[in-house]
Amino acid sequence: MQIRLVKKADIGTRRQTLIFLAAIFLALFTTGLFILFLGLNPIRVYISMINGAFGSAYRLEQTFVNAIPLIITSLGIAIAFRMKFWNIGAEGQIIMGAFFASYVALNHSDLSRPVLLSIMFLAGFIGGAIWGFIPAFFKAKWGTNETIITLMMNYVALKWIIYLQFGPWKDPSALGFPKIPNFAENAILPKLFGLHIGWIIALILVVLVYIFMNRSKKGFEIAVIGESINTARYAGINIFRTIILAMVLSGGICGIVGMIQTSGVNLTLSKEITGGVGYTAIITAWLGALKPHWIVLVSVLFAALIQGSSYIQSAFGLSAASAQLFQAIILFFVLGSEFFARYKVIFDWKSLSKAKEDRE
Amino acid sequence: MKNGSAYVSMRDITKIFGTVKATDNMNLDVTKGEIHALLGENGAGKSTLMNMLSGIYIPDSGHIFIDNKENRFTSPRDAIKAGVGMIHQHFKLVEVLTALDNILLGYNVGLFVNKRIQKEQINKIMEKFQLDVDLDKYVFDMSVGEKQTLEILKTLYRGARILILDEPTAVLTPQETVKLFKIMRRMKNQDCSVIFISHKMNEVMEIADRVTVLRKGRTIDTLIKENSNPQELTELMVGRPVDLSIKRIDKLTDKVVFKVRNLRADNEEKVEVLKGINFEMYQGEILGVAGIAGSGQKELCEALAGLYPIKEGEISFKGEDLAGKNPKEFITRGISMSFIPEDRLGMGLVANMDMVDNILLKQYHKSKGFLVKRKPAAEKAKEIIQKLDVITPGVHHPIKNLSGGNIQKVLLGRELDSHPELLITAYPVRGLDINTCLKIYDILNEEKKKGVSILYIAEDLDSLLGLCDRIMVISNGEVTGIVDARKATKEQLGLMMLGNKEVDNAD
Ligand SMILES: Nc1ncnc2c1ncn2[C@@H]1O[C@H](COP(=O)(O)OP(=O)(O)OP(=O)(O)O)[C@@H](O)[C@H]1O
Ligand SMILES: [Mg+2]
């Protein structure tokens, strides 16, 4: 017997949705077996998982608090990926955005709240934009590999925050505990409907990025460069400037996440500020097919998954490892379904001459 | 099932892509030791049919017999096992490997490769078919013709007895084509079958034994070449009588609009590829450019469109020097270039985008504001489909799924639509069927009537002599002469293409 893969022609959205649903079902089935093995009732566990993610105002809020940074970061990543610029430096861009915003928050808390928050917002954008600009400039000028540079810059950013946290920015009133002082009241994002207004920012950005990518001239140019540099040159597109612009936006949007997380969630800057969102968002951006509206859906589901599995962890007294295992299994199936949407697996049971005999 | 003496027999083959029936119950029989040509208009289904024979596509229905055994190929690997190998128009070679490594790549499943023994085997095949390949040469150092020979060798080494060549001559120089035909004849003498796709009628008449004509996804007829002629074949292809002559209309004015003086340019290796080009163009004339492939046509084209860095010289358009300006400024002044590259999609089109976005590519910067306007582009797309008979399921279909010729119509339609004053067009009929070629000539003539100056770069001397007012011959980056197309002969052009300046008879 032989097994091999054949690349499929483009499949329709309907089939893609079906494959996706099948993947979810299989994932639930497999985790179900695992839950049974732990001696629990899978249905009950699933229900309480949903319950844990959406079941009360507080839980819903937590889910959305987790979804907001995922959505915004995915949007930023999607702009770069559309250009086939593999920006895996969102992590660093978030950190630099957080750093710039925190600098403003810690040094200018005497400003009025709207002014201070606006400046912080801008500072966050600029911080991320600078961190996006550097690899873009290197790539556009000398053709360096953006994957390596953006990745390395994540570590540079992280070490810089650690240095600040343990050194010059350490809170003297924290009894030697290495933490940066909390933001003043003025520097904290207000809430609307029980949720910090980051969610409004996220929704506005979804609309703006959608328009930018699908309707604007610059977005069109970015897509053309992503498909073919030669054609872009031919059409008179300024490639250098467009690469820079795309990455300044990509990094800047990720920088905004840094501002929102410091000012809306952590209320200070710390080395854990990103919570790994910069990497997770690569997955959500891909699963959302780099399309803003899908990114919202995928990110919320992803956040619910995380929230739900941490809830069942306490509700059923599971170990952290098994909760993470649930997440991993679901991810495995969903990412795997992408593969089945693209390739067909063929099992070749009989030899070719046999096939002929069958026919006659 | 009875297949007579056919070695390859395809029966009732149907393949549907979405709403397009690419092949509709097609039939094809090829015998041993035969060169069998496939003729058909763009989008007739030639490539699709062959992709099924070589295991790239799986037919929706129908049967494929090889040597009277039915085969169901699910991959090119199956096909090659049954002796079918296909040479695509886009070569599948790894540029940074040598010829030998490319041949062995992916073929040897064993852990250790004994290159010496395999080299001997390869040498034997080269001798048998008299192929001329330098096994230690890197692919990036090879010319298009060399790469093609390497692809053939690779396929033969893997055991192909049936060789499919999809438009192999579209990118070859006449000399390379002669070489290829020799190889094909030798294969025939070794009892192999060769299936040959080409839009060039003279090639089909020269090399084929039998010809199968396809039209709109259906098999029309299989004829013995000796008993047929180009006129009949064309009519079968198109489905109605066609006048095959190229028309020429007289040039209108003597007003010079475009002047190139002492144009020089270096390539990336700092070798001079344009060595002081001088010429001028009149309003409303077609100036042909003839030359052996790689004599500087591509560089000249790109330089005249602002895409190639020039070292010195003057490019003046209506008295204004454009040398050193960026591509956008050329576009805004009404200079349009359409270069049909060897791989068709390389420059000018975006394969993954639909027709609307590809047309938008040349329009969007003309409109005001921050946003693009897709509506006018969609209307233009529909217009082009009408005017050039583009076969496509719709304007929102990614153009990479169109047939080769239809992709080209999209490009050309777009360039003509920008109402240029100077149109630089290189190889515009590469890979187009006869009927469409004639249509393109008509369109160029129409533009000429409107006063557009057209620089027409081509490899086919017949079309150059029939269509142009004057022909400029370049050889090795130099102009060897500009002749009157009404008086010039093929022999004269041929000598000039080789660098001979004496035969100049310009006015
Ligand atoms: N992968 C695909 N998806 C959708 N449609 C396709 C695909 N491949 C081919 N087609 C359609 O099938 C038809 C036949 O295409 P095919 O490439 O076989 O034509 P062809 O005879 O080789 O033409 P040409 O001479 O222009 O290369 C065309 O209408 C084309 O648009
Ligand atoms: Mg074809």
Side-chain angles (χ1 to χ4, degrees), chain A residues 2-12 14-15 82-84 208 210-242 245 290 343-360, chain B residues 1 17-18 55-58 63 65-66 68-78 81-82 302 305-308 326-332 337-339 341 343 345-353 357-358 360-365 367-374 397-398 400-401 411:
Chain A
Q2 253 190 340
I3 302 176
R4 76 174 140 245
L5 302 172
V6 179
K7 202 163 188 322
K8 276 186 201 168
D10 296 339
I11 59 167
R14 236 187 65 131
R15 289 220 23 213
R82 190 61 82 83
M83 197 172 65
K84 302 229 162 72
L208 289 182
Y210 181 89
I211 293 173
F212 177 75
M213 296 226 279
N214 295 300
R215 298 259 183 281
S216 80
K217 292 179 177 174
K218 285 291 163 205
F220 181 64
E221 291 183 342
I222 287 172
V224 173
I225 292 182
E227 295 287 348
S228 160
I229 292 258
N230 265 336
T231 303
R233 242 165 41 87
Y234 168 90
I237 295 173
N238 186 330
I239 294 176
F240 184 86
R241 275 199 351 224
T242 310
L245 173 83
L290 308 184
Y343 294 92
K344 189 146 107 190
V345 184
I346 287 177
F347 298 91
D348 217 355
W349 297 100
K350 32 196 175 195
S351 72
L352 294 166
S353 57
K354 184 98 184 319
K356 193 206 163 209
E357 280 160 27
D358 290 351
R359 224 184 63 80
E360 283 167 354
Chain B
M1 175 144 313
F17 293 109
I56 293 172
Y57 292 154
I58 302 171
H63 308 281
F65 300 90
I66 289 173
N68 283 316
K69 263 203 251 103
E70 174 152 20
N71 288 273
R72 282 168 202 273
F73 300 143
T74 51
S75 76
R77 230 167 226 267
D78 287 347
K81 256 191 240 151
E302 292 190 12
L307 289 165
Y308 202 86
N326 67 33
K328 212 165 210 158
E329 294 188 51
F330 282 75
I331 296 171
T332 43
M337 183 195 80
S338 69
F339 183 90
D343 60 357
L345 286 168
M347 191 187 262
L349 292 174
V350 184
N352 281 324
M353 290 185 174
D357 277 5
N358 271 291
L360 197 60
L361 198 59
K362 269 291 175 77
Q363 288 193 337
Y364 76 95
H365 37 61
S367 70
K368 284 199 194 70
F370 176 73
L371 300 180
V372 295
K373 297 192 175 63
R374 283 202 168 77
H397 200 67
K400 68 172 177 210
N401 288 343
L411 175 57

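Just so you know, these numbers use all the heavy atoms, side chains as well, and skip hydrogens, waters and symmetry mates. None of these values were measured; they are calculated from a predicted model.
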Given side chain to side chain contact (heavy atoms under 4.5 Å, CB included), test F220(A) with H365(B) step by step and report yes or no.
CA-CA 11 Å; F220(A) 181 64; H365(B) 37 61; over 6 Å; no
Starting from the C-alpha separation in whole Å, work towards a yes-or-no answer on side chain to side chain donor-acceptor pair (under 3.5 Å) for E221(A) and Y364(B).
CA-CA 10 Å; E221(A) 291 183 342; Y364(B) 76 95; 2.5 Å; yes
Please round to the nearest 0.5 Å and tell me the distance separating atom CG of L361(B) and atom CD1 of I237(A).
6.0 Å
Is the backbone of V372(B) close enough, under 3.5 Å, to the side chain of R215(A) for a donor and an acceptor to pair up by distance?
no
Main-chain N/O of V350(B) paired with S228(A) side-chain donor or acceptor, under 3.5 Å
no
Chain B heavy atoms under 4.5 Å from N214(A): which part of the residue, side chain, backbone, both or neither?
backbone
Kindly indicate, with the supporting measurements, whether the criterion side chain to side chain contact (heavy atoms under 4.5 Å, CB included) is fulfilled by K217(A) and K373(B).
CA-CA 9 Å; K217(A) 292 179 177 174; K373(B) 297 192 175 63; over 6 Å; no
Less than 4.5 Å to any heavy atom of chain B: does that hold for the side chain of A232(A), its backbone, both, or neither?
neither
Would you check, one step at a time, whether the test side chain to side chain contact (heavy atoms under 4.5 Å, CB included) holds for I211(A) with L371(B)?
CA-CA 8 Å; I211(A) 293 173; L371(B) 300 180; 3.9 Å; yes
Straight-line distance of L349(B) CG to E227(A) CD, nearest 0.5 Å:
12.0 Å
